[in-house]
Amino acid sequence: MLQQTQVDRVLPRWSEWMQRWPTPSALAAEEPGEAVRAWGRLGYPRRALWLHRAAVEIAEQHDDRVPADVDALLALTGIGPYTARAVAAFAFGDRHPVVDTNTRRVIARVMHGRAAAGMPSPTDLTDMERLLPEEPGAAARFNAAAMELGATVCTARAPKCGVCPVAEWCEWRGAGYPDNAPAKRPRQAAFSGSDRQVRGRILESLRDASTPITVAAALAAAADGGLREPEQAQRAYDSLVSDGLIVENGGLASLPT
DNA sequence: AAATCGGGGAA
DNA sequence: TTCCCAGATTT
């Protein structure tokens, strides 16, 4: 849930989720569409599908227990370099570099004297590894502290260097805050009027429906609020089917069963 | 390496 | 408006 989504927005949804599905097998026993429905408006709904799939994988292949091994975690659907190491470090207390978007920015500034991080890279992990304390518990705290520093002090916009505990060793500060940010990822297209927004509308209508709806109704929901071009409705619908977020059966559309 | 995938909150 | 967020997958 936390992948590209702010902590404050995730917490309430996470609490509901864990109360409803306390174990992987509990979630695995549900239809995938129920996970998509409970996901609500968190965004990137494919993550709900992937989380359900990971629950099935854990239930079937790992005796209903989340594996502690990083490679086993990486083999789970939707678990990548960040999440695998976050689980290994924070849930199991093992020593791994955990690098999220906040930590990447802290590393870029403190270690490399750059205003911002570049594209994610495996060198992020080796950089963090160099800073990590030897003792596993201390390493886990260090990982969390780096993320927290980036989230609250070494922020993307207006860093609070006056209260930063590592300001003294910061290469970027030492160099006089050069405007040397490397090529950042291309700006995301406007959400308003986008296919993403149309996908969201279709999915919302399906979450709200207790029974399958006609494809025509789904396409009507796509157009609710306006379209840039008429083909958007069908294109968004097809992409949802292609992603497995919609299943179509005899002219009826529903969340995956 | 680049494209794709939401949606909300803050500046 | 624009930026950014406890990323991962696919091409």
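Numbered from 1 within each chain, the chains take letters A, B, ... in sequence-line order.
One finds a side-chain N or O of A/R187 lying less than 4.0 angstrom from the OP1 or OP2 phosphate oxygen of C/dC3. Applying the 4.0 Å criterion to OP1 and OP2 of C/dA8, one finds that A/R47 has every side-chain N and O outside that range. An OP1 or OP2 oxygen of C/dG7 is reached within less than 4.0 angstrom by no side-chain nitrogen or oxygen of A/T83. In terms of phosphate contacts, A/R157 brings no side-chain nitrogen or oxygen within less than 4.0 Å of OP1 or OP2 of B/dA10.
Counting only N and O atoms by type, the side chains of A/Y82 and A/Q3 include no donor and acceptor under 3.5 Å apart. A donor-acceptor pair shorter than 3.5 Å can be found between the side chains of A/R47 and A/T5.
Rounded to an integer number of Å, the gap from A/Y44 OH to B/dG6 C1' is 6 Å. Between the CZ atom of A/R85 and the C1' atom of C/dA6 there is a distance of 15 Å, rounded to whole Å. Residue A/W50 contributes atom CH2, which lies 5 Å from atom C1' of C/dA8 at whole-angstrom precision. One can place CH2 of A/W14 at 17 Å from P of C/dA6, the figure rounded to the nearest angstrom. Atom CZ of A/R104 and atom C1' of C/dA8 are 13 Å apart (whole Å). Rounding to whole angstrom units, CG of residue A/L149 and P of C/dA6 are separated by 13 Å. Between A/M147 atom CE and C/dG7 atom P the separation is 9 Å, expressed in whole Å. Taking atom CZ on A/R199 and atom P on B/dG6, their separation rounds to 4 Å, with Å as the unit.
Annotation: B/dG9 and C/dA8 have their P atoms spaced 24 Å apart (nearest Å). Across the P atoms, C/dA6 and B/dA3 are found 24 Å apart, a figure rounded to whole Å.
For A/E204 and A/R41, the salt-bridge test passes: some basic side-chain N is under 4.0 Å from an acidic carboxylate O. Salt bridge annotation for A/E135-A/R95: absent, with no cationic side-chain nitrogen under 4.0 angstrom from a carboxylate oxygen.
Remark: the A/Q4 side chain and the C/dC5 base include no donor-acceptor N/O pair separated by less than 3.5 Å. A donor and an acceptor atom sit less than 3.5 Å apart, one in the side chain of A/T5 and one in the base of B/dG6.
Heavy-atom nearest nucleotides on DNA chain B were determined for A/R46 and for A/Q6, and the one closer to the 5' end corresponds to A/R46.
Among the atoms of the strands shown, none is found under 4.0 Å from any heavy atom of A/P120. A/I79 comes within 4.0 angstrom of sugar-phosphate atoms only, judged by non-hydrogen atoms across all strands, and of no base. Note on A/G80: only backbone sugar-phosphate atoms sit closer than 4.0 angstrom, heavy atoms only; bases stay farther off.
Comparing C/dA8, B/dG7, C/dC5 against the side chain of A/R9 picks out B/dG7 as the nearest. With B/dG6, C/dA6, C/dA8 as the candidates, the nucleotide lying closest to the side chain of A/N102 is C/dA6.
A/D100 places no side-chain N or O within 3.5 Å of a backbone atom of A/Q4 that could act as its donor or acceptor partner. Judged purely by atom type and a 3.5 angstrom limit, A/R85 has no side-chain atom pairing as donor or acceptor with the backbone of A/V70.
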